[in-house]
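First comes the structure, then the notes that go with it.
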Number of protein chains: 2
Amino acid sequence: MQTGIVEEFGTAEGGVGTAVRHQLRIATVNVNGIRAAYKRGMDSWLADRGVDILCLQEVRAPDAIVRKLLGDGWHILHAEAEAKGRAGVAIASRTAPVATRDHIGDEYFLTSGRWVEADFEVPDAEGTKTLTVVSAYVHSGEVDTPKQEDKYRFLDVMTGRLTDLRATRDYALVVGDLNVGHTELDIKNWKGNVKRAGFLPEERAYFDRFFGDGIGWKDVHRGLAGEVPGPYTWWSWRGQAFDNDSGWRIDYHMATPELAALAGNAVVDRAASYDARFSDHAPVVVDYQF
Amino acid sequence: MQTGIVEEFGTAEGGVGTAVRHQLRIATVNVNGIRAAYKRGMDSWLADRGVDILCLQEVRAPDAIVRKLLGDGWHILHAEAEAKGRAGVAIASRTAPVATRDHIGDEYFLTSGRWVEADFEVPDAEGTKTLTVVSAYVHSGEVDTPKQEDKYRFLDVMTGRLTDLRATRDYALVVGDLNVGHTELDIKNWKGNVKRAGFLPEERAYFDRFFGDGIGWKDVHRGLAGEVPGPYTWWSWRGQAFDNDSGWRIDYHMATPELAALAGNAVVDRAASYDARFSDHAPVVVDYQF
DNA sequence: CATGGTAAG
DNA sequence: CTTATCATG
């Protein structure tokens, strides 16, 4: 939590008072192995960036190693996958969450290391409110394999959870590597990928529903950036994909409309200013002003 | 084959003639993965060293890759292990062998990638003779595991082959990573290793027999260096073993007495003069003058 | 083209 | 501590 920004506001009584406004800087990043990311300089990125809530995907390390690498000063919620060295999501926050949950759905995704939720108290005009933050890692998928079945199964469960969260909270945020590009603006070479996992019509239809009137979530970065290509958040390690910015926008901030209205300063940290690219994904950082 | 060295000698007829003496420089090196070794500068070592017959162990790469890395100008005999990325021995020679064999024993070691033989023609007072060169890779072993059983089984088969070679050839040479230190001179910290694979009494007894009167082979480097500690040929990657020269002499040139008599200039290329250590083993290079 | 776990050394 | 393979991304 950053030092509050003091500003004047009109009170309900019609007088003039002073209130502390709180800004939360929330970052999501698929680190593709937190050990490798730290070797490549993730620590200096994190030290510079002033993040309040850090959501990680593909942690791919035991809990003890994650705590050692992040160091003191973080409350860490970490859902490891049962399979060692695979998946794993976490939420590291500078203030303690008031409640946490570590999976969605039934037994099938119980130990998949793909979903964690943390509830935080945030200030509100009426006092305080609950902000639920989710770090999510949707399956990569692969056409005509069981991996794609698992991906749809997870997206189904996720649909249910998004519906529930939307119905029960004003402030909820689902961030992470969702492994689907929603529109043609979200993939550099979309025509070449219409038959590939990550841009299949059936996958994109889920996101139409997530962001449609029925479920009613908002794509925060798209809302702030406007209808322009990108900004991409993942580039293959192969060839010159990164240098050519031949990427995919598959890492999202999905917010309830009430929360999306508080968002600003959305940035993909494409590592130009840092020593090195520390993952094949770049962090997506957004400030929320309460 | 290096350019012959011209020297005078007395002929059988009592006259004085001129003959070309041939020197063969034979090197053995456990490369611990030829791809990794080339990344670390094995190519410049090889280009500098003037080797005529290069015997490799732990090649750990498919045949096509070995041929590409060594480049043109070599006749390559390569026994891959059935298990990909494991073991693998080779003999690369500047002149073509006249016969080759790629295993010893029965089916059990047929595809283990641990033994190759190549026959070369070398000049002799009487005309030409056959020189058999073997590149051997004995199991590392591990006490109280099936690996140690395999090691003894291989040493048994090797005993038989050494006996046969000794009986049928004047010139035979077995080089390679034999994974046993013969005497207390062959391991820096021998006292700490008497119960460890590589210096077990039962293993050392095989080498007593190999180099004893019965089978009658000669330890070429020990013969030339004398009864002094080392020179070691392998150092653990861990800690400062290499810098402290805390090593093992487990890479040998084993020659028939007739061949050992022609040996000189035995050197362990401990990489001081090269850019880097390209394996955990150093090459052992010996010149044989026919 | 990279990750980590694994077996092997 | 390093090797290569493997499944995964």
Side-chain angles (χ1 to χ4, degrees), chain A residues 30-40 42 57-62 65-66 80-88 112-114 137-143 145-148 150-151 177-179 196-198 234-243 246 248 250-251 276-281, chain B residues 30-40 42 57-62 65-66 80-88 112-114 137-142 145-148 150-151 177 179 196-198 234-243 246 248 250-251 276-281:
Chain A
N30 177 320
V31 292
N32 191 24
I34 194 169
R35 281 170 284 201
Y38 265 74
K39 277 188 204 154
R40 292 166 176 267
M42 178 174 165
Q57 302 90 38
E58 280 204 272
V59 170
R60 302 178 65 176
I65 289 175
V66 174
E80 282 185 66
E82 195 167 36
K84 283 196 284 186
R86 301 277 164 78
S112 63
R114 294 186 178 272
Y137 174 48
V138 175
H139 303 65
S140 168
E142 188 178 0
V143 176
T145 73
K147 294 179 195 177
Q148 196 62 26
D150 281 351
K151 184 173 188 175
D177 176 3
L178 306 186
N179 264 319
R196 300 211 47 219
W234 174 82
W235 306 262
S236 169
W237 290 113
R238 299 175 217 193
Q240 305 310 113
F242 185 77
D243 292 340
S246 180
W248 298 46
I250 54 180
D251 299 270
R277 201 181 158 197
F278 62 79
S279 168
D280 50 349
H281 295 251
Chain B
N30 177 319
V31 291
N32 190 25
I34 194 169
R35 281 170 285 200
Y38 265 74
K39 276 187 203 155
R40 294 166 177 266
M42 178 174 165
Q57 303 89 40
E58 281 204 272
V59 169
R60 301 178 66 177
I65 289 175
V66 175
E80 280 184 67
E82 194 167 35
K84 281 196 284 184
R86 301 277 165 78
S112 63
R114 294 186 176 274
Y137 174 47
V138 174
H139 304 64
S140 168
E142 187 178 1
T145 72
K147 295 178 195 177
Q148 195 62 25
D150 281 352
K151 184 173 188 174
D177 175 3
N179 263 320
R196 299 210 49 217
W234 175 82
W235 306 263
S236 169
W237 289 114
R238 300 175 216 194
Q240 305 309 114
F242 185 78
D243 292 339
S246 180
W248 299 45
I250 54 180
D251 299 88
R277 201 180 158 199
F278 61 80
S279 168
D280 51 348
H281 295 251

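Chain naming here is simple, since letters A, B, ... match the order of the sequence lines and numbering starts at 1 in each. Below, all heavy atoms of this structure are taken into account, side chains as well, without hydrogens, waters or symmetry copies.
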Apply side-chain contact (heavy atoms from CB on, under 4.5 Å) to [X] and list each qualifying residue two or more places apart in sequence or on a separate chain.
X: B/Ala81; answer: B/Ala87
X: B/Ser279; answer: B/Asn30, B/Asn32, B/His281
X: B/Arg35; answer: B/Ala61, B/Pro62, B/Ile65, B/Leu69
X: A/Glu82; answer: A/Thr111

Going from CG on B/Asp280 to CZ on B/Phe242, what distance comes out if it is rounded to the nearest 0.5 angstrom? 10.5 Å
Measure the CG-CD distance between A/Asp177 and A/Gln57 for me, rounded to the nearest 0.5 Å. 6.0 Å
Strictly below 4.0 Å, heavy-atom distances to any atom of DNA chain C: list the hits from residues 31-38 of chain B, or just say none. none
Contact nearer the 5' end of DNA chain C, comparing B/His139 with A/Arg60: A/Arg60
For DNA chain C, whose closest nucleotide is more 5', that of A/Lys39 or that of A/Gly239? A/Gly239
With a 4.0 Å cut-off on heavy atoms, is A/Glu142 in touch with a base, just the backbone sugar-phosphate, or nothing at all? nothing
Mind checking B/Arg196 for me? I need base, sugar-phosphate or nothing, with any heavy atom below 4.0 Å counting as a touch. nothing
What is the separation between atom [atom1] on [X] and atom [atom2] on [N], rounded to the nearest whole Å?
X: A/Asp150; N: D/dT8; atom1: CG; atom2: P; answer: 11 Å
X: B/Glu58; N: D/dT5; atom1: CD; atom2: P; answer: 13 Å
X: B/Asn30; N: D/dT3; atom1: CG; atom2: C1'; answer: 11 Å
X: A/Asn179; N: D/dT8; atom1: CG; atom2: C1'; answer: 12 Å
X: B/Trp234; N: D/dC1; atom1: CH2; atom2: P; answer: 13 Å

Holding to side-chain hydrogen bond (donor to acceptor under 3.5 Å, both in side chains), I want the full list of residues that pass it with [X], two or more places apart in sequence or in another chain.
X: A/Glu80; answer: none
X: B/Trp248; answer: none
X: B/Lys147; answer: B/Glu142

Positional range of nucleotides in DNA chain C within the contact set of chain B, heavy-atom, under 4.0 Å: C/dA8 to C/dG9
